[in-house]
Amino acid sequence: MSTAIDTLIFDLSTTTLREANQALHAEDLTGEVLITNPRGAHAVAAGVDAEVQITVEGHVGYYAAGMNKHAAITITGNAGVGVAENMMSGRVHVQGNASQSAGATAHGGMLVIDGDAAARCGISMKGVDIIVGGSIGHMSAFMAQSGRLVVRGDAGEALGDSIYEARLFVRGEVSSLGADCIPKPMSQEHHSELRELLDAAGYSDDDTRDYTRYGSARRLYHFRVDNAASY
Amino acid sequence: MTTRSDMRAARGLRESATFDRATIADIRRAAETGVYDIRGGGSKRRLPHFDDLLFLGASMSRYPLEGYRERCGTDVVLGARYAENPLHLDIPVTIAGMSFGALSGRAKEALGRGASAVGTSTTTGDGGMTNEERRQSKTLVYQYLPSRYGMNPDHLRMADAIEVVLGQGAKPGGGGMLLGQKITERVAEMRTLPVGIDQRSACRHPDWTGPDDLTIKIQELREITDWKVPVYIKVGASRTYYDVKLAVHAGADVVVVDGMQGSTAATQEVFIEHVGIPTLAAVPQAACALRELGVEREVQLIVSGGIRTGADVAKALALGADAVAIGSAALIALGDNDPDYAEEYEQLGSAAGFFDDYQDGRDPTGITTQDPELQKRLDPETAGRRLANYLQVMTMEAQTIARACGKSHVNHLEPEDLVALTVESAAMAKVPLAGTDWIPGGAVGHH
Ligand SMILES: Cc1cc2nc3c(=O)[nH]c(=O)nc-3n(C[C@H](O)[C@H](O)[C@H](O)COP(=O)(O)O)c2cc1C
């Protein structure tokens with residue numbers, strides 16, 4: 001890719017991760033940043049709190065873009081466990097596949113994964129929007145509290161187990177639904193909500209009518225003896 | 001005076017030790033309601049504990065230090081292994097993590113005031129950091145829990161240390177619980193939950209499993225906070241020897257071990273009473289693990305679960321702790337189980353001195369509640385002063401014992417200063433039965 005003159009470049013084959021991350025935590029950070037040779041390093045661009053554009057060229061390990069605030073971070077390769085975990089705001093884009101727990105507990109912002117995401121995608125999500133181009137693994141959206149998860153492919157077993165108020169949209173097959181997760185009708189409001197998410201993620205050609213919405217039956221919100229089997 | 005139980009005994013009535021009155025009441029309650037008992041507090045049964053240990057004061061073979069005149073230090077440094085800014089506390093008694101949600105905002109503020117007044121730390125809890133406690137706590141440890149309720153990187157960066165919670169002594173292997181009556185609007189918003197639901201939180205972290213992952217998680221936390229603050233790992237006491245070793249390998253600066261007497265805000269009674277091991281059994285295992293890894297004193301050990309007095313503090317330190325943490329005792333110092341509210345406790349079906357329904361949200365003292373009216377009963381300044389007094393008393397008690405053992409610092413206390421009163425406590429604490437040189441049981445690491 002071509003880089004602007006003022007692009008900050010960190011080559012992780014010559015710069016330590018600690019130096020790079022510390023520089024990314026500088027208070028007045030703006031503009032564009034390029035990180036090369038991540039070679040599966042963990043916690044790449046974690047804890048950024050600035051309106052910057054960061055491109056990570058290659059594959060990253062665990063917790064890339066963890067706890068992101070404000071930054072737009074693109075990972076051109078695959079991402080390991082917990083990409084964008086606990087993100088607060090901003091945007092994280094994985095152009096390859098993502099491992100387990102993508103977007104775990106994230107409170108805000110948008111996570112786009114062009115490829116597939118493994119198990120526990122959106123686990124315990126708390127307000128983030130996650131759009132997955134491919135399919136997701138089992139136990140995804142486990143205890144998902146808030147936010148939206150859009151899956152253009154299929155979902156693995158026990159989708160949305162013990163889900164709270166998060167909204168799930170799946171285009172393909174769902175292997176099975178978890179406890180208290182049920183299909184729900186799509187109102188006009190849901191179609192336009194989904195439309196916006198797909199557009200924002202660059203999937204404007206998708207027809208929202210191909211998607212099914214899933215959410216909480218809210219039967220497990222209170223301890224009841226009749227629910228014993230689900231506890 | 002003949003009591004009713006004397007009269008019953010005279011008539012030949014005998015209460016079953018197996019089916020005692022509390023057990024009968026429990027069975028009846030289960031049969032009536034169809035749900036298990038959820039309560040706060042810790043294990044209530046009699047367990048081998050610090051009471052079963054005694055100090056050998058100095059006399060001929062060792063000489064004691066003069067009270068008041070000869071210095072006996074109490075300060076402790078926590079987290080110097082990897083952190084740029086380790087904590088320097090004036091006393092080795094810290095305030096354990098108790099969540100806002102379980103506790104009122106004012107109770108959190110009172111804890112902060114009391115702890116800061118005597119130079120020690122407080123800890124957040126499940127549900128995030130409140131302004132009340134950040135403002136009042138000079139040194140605040142931020143808990144990182146499986147639920148990640150209210151987990152905010154800004155708070156992480158505002159914290160003086162981070163405590164990764166794997167478990168609690170009251171419920172090793174269990175997750176948090178907060179019943180609907182305590183999920184008020186403020187609590188719900190902080191936790192991103194619907195108001196009034198019965199919250200069940202996860203018992204496993206959502207983005208790592210096992211010690212190898214934890215190593216990477218800790219690396220992430222350090223990267224995010226630029227390696228400035230210490231990272232603790234808190235475990236409920238069960239396989240303590242192995243857990244502490246794994247915690248050290250995972251990169252902890254400090255390991256917190258919470259024994260089964262440790263309190264909780266809300267957990268199943270069956271969990272509280274039947275899972276985990278006593279604090280007394282856990283401390284020597286933890287100390288042994290640190291010793292074997294050669295990181296004694298370099299990685300600090302904080303012990304909690306049933307710490308009540310300066311004697312308990314001194315005994316924990318002698319067995320290898322660098323500091324202790326208190327939950328229940330701190331709440332009692334604030335005013336929990338106050339006999340002045342005897343009547344109101346009775347109305348709740350409890351009694352002053354017995355109250356453990358922290359989950360219920362109707363605590364008459366205003367401590368474990370979110371009820372706006374009840375909360376007002378706790379004055380954070382007065383309660384904070386009470387806590388500061390109590391912490392000071394504990395510290396002076398520990399110093400009294402340390403001086404009697406000839407130590408110029410409380411952390412110089414050692415297992416050699418202790419003997420055990422019972423065979424059980426001798427085996428658990430790995431100190432000899434009083435008057436003998438007998439330490440029953442095998443070495444810590446080999447079981
Ligand atoms: C009201 C209350 C709330 C608690 N909340 C938490 C919590 O959020 N996280 C945690 O790790 N431990 C929590 N604990 C456990 C304490 O951190 C600590 O392990 C325990 O209280 C120590 O035992 P002690 O009460 O005998 O001193 C809580 C305890 C109480 C009493």
Side-chain angles (χ1 to χ4, degrees), chain A residues 17-18 20-22 24-25 41-49 61-64 66-69 80-83 85-88 99-107 120 122-127 139 142-143 145-147 162 164-166 216 218 220-228 231, chain B residues 30 32-36 38 128 144-157 175 177 179-181 183 188-209 212-228 266 268 359:
Chain A
L17 177 74
R18 201 163 152 181
N21 276 338
Q22 230 154 34
L24 292 179
H25 298 162
H42 306 306
V44 172
V48 178
D49 179 7
Y62 285 39
Y63 312 130
M67 303 197 195
N68 182 47
K69 276 181 76 186
V81 171
V83 64
E85 66 87 14
N86 215 92
M87 172 160 56
M88 302 303 285
S99 182
Q100 296 183 43
S101 302
T105 77
H107 286 66
R120 300 182 189 84
I123 183 171
S124 211
M125 54 194 276
K126 294 167 167 56
M139 288 305 273
F142 174 63
M143 293 184 100
Q145 293 172 228
S146 169
S162 305
Y164 291 99
E165 294 297 300
S216 180
R218 304 189 179 95
L220 297 181
Y221 278 16
H222 297 279
F223 292 117
R224 266 197 218 105
V225 64
D226 313 317
N227 294 334
Y231 299 140
Chain B
E32 275 152 32
T33 63
V35 286
Y36 44 50
I38 295 174
Y144 189 69
L145 298 112
S147 73
R148 310 274 167 89
Y149 291 136
M151 165 59 223
N152 186 327
D154 292 339
H155 293 161
L156 200 69
R157 289 183 275 257
M177 233 179 215
L179 301 193
Q181 52 274 42
I183 312 270
E189 198 193 315
M190 278 181 73
R191 300 186 184 213
T192 332
L193 287 170
V195 175
I197 65 153
D198 290 331
Q199 165 231 295
R200 1 158 216 139
S201 32
C203 59
R204 288 201 304 268
H205 281 260
D207 55 358
W208 63 268
T209 29
D212 296 336
D213 283 6
L214 177 54
T215 310
I216 304 171
K217 173 50 76 176
I218 287 179
Q219 188 198 341
E220 182 207 8
L221 295 172
R222 292 197 193 275
E223 283 294 324
I224 288 174
T225 53
D226 294 324
W227 294 73
K228 291 207 174 92
Q268 298 92 327
Q359 83 291 347

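In what follows, every chain begins at residue 1, and chains take the letters A, B, ... in the order their sequences are listed.
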Approximate separation, where rounding is to 0.5 Å, of B:R191 CZ and A:Y164 OH: 10.5 Å

Does A:D49 have any salt bridge (Lys or Arg N to Asp or Glu O under 4.0 Å) partners at least two apart in sequence or in another chain, and if so, which? A:K69, B:R157

Residue selection (most heavy-atom pairs with chain A, distance under 4.5 Å) from B:K217, B:Q219, B:Q199: B:K217

Given B:Y149 and A:Q145, is the side chain to side chain contact (heavy atoms under 4.5 Å, CB included) satisfied, shown in steps? CA-CA 10 Å; B:Y149 291 136; A:Q145 293 172 228; 3.3 Å; yes

Taking atom NE2 of A:H25 and atom OG1 of B:T225, what is their separation to the nearest 0.5 Å? 9.0 Å

For a 4.5 angstrom cut-off between non-hydrogen side-chain atoms, does B:R222 reach A:R18? no

Side chain, backbone, both or neither: which part of B:P194 has a non-hydrogen atom closer than 4.5 Å to chain A? side chain

Compare all side-chain heavy atoms of A:Q22 with those of B:W227 and state whether any distance is below 4.5 angstrom. no

In Å and rounded to the nearest 0.5 Å, what is the CD1 to CZ distance from B:I197 to A:R218? 11.0 Å

Any residue meeting side chain to side chain contact (heavy atoms under 4.5 Å, CB included) with B:Q268, in chain and number order, not counting sequence neighbours: B:Y36, B:M177, B:V270, B:F271

Structural part of B:D154 lying under 4.5 Å from a heavy atom of chain A: side chain

Rounded to the nearest 0.5 Å, what separation is found between the NE2 atom of B:H205 and the CD1 atom of A:I123? 11.5 Å

Return the minimal non-hydrogen interatomic distance between A:S101 and B:P206, and the atom names on each side. OG-O, 2.7 Å

Out of A:G82, A:A102, A:G47, A:S146, return the one with the most heavy atom pairs under 4.5 angstrom to chain B. A:G47

Cut-off 4.5 Å, heavy atoms of chain B, and the answer for A:Y63 is both

Non-hydrogen atoms of chain B under 4.5 Å away: do they reach the side chain of A:M67, the backbone, both or neither? both

Look only at the side chain of A:N86 and the backbone of B:M151, and say whether a donor-acceptor pair between them is shorter than 3.5 Å. yes

With only heavy atoms counted, which part of A:L17 is less than 4.5 Å from chain B, the side chain, the backbone, both or neither? both

Distance in Å, A:Y62 OH paired with B:D207 CG, rounded so as to fall on 0.5 Å steps: 10.0 Å

Pairs of heavy atoms under 4.5 Å with chain B: top-ranked of A:M143, A:K126, A:Q100: A:K126

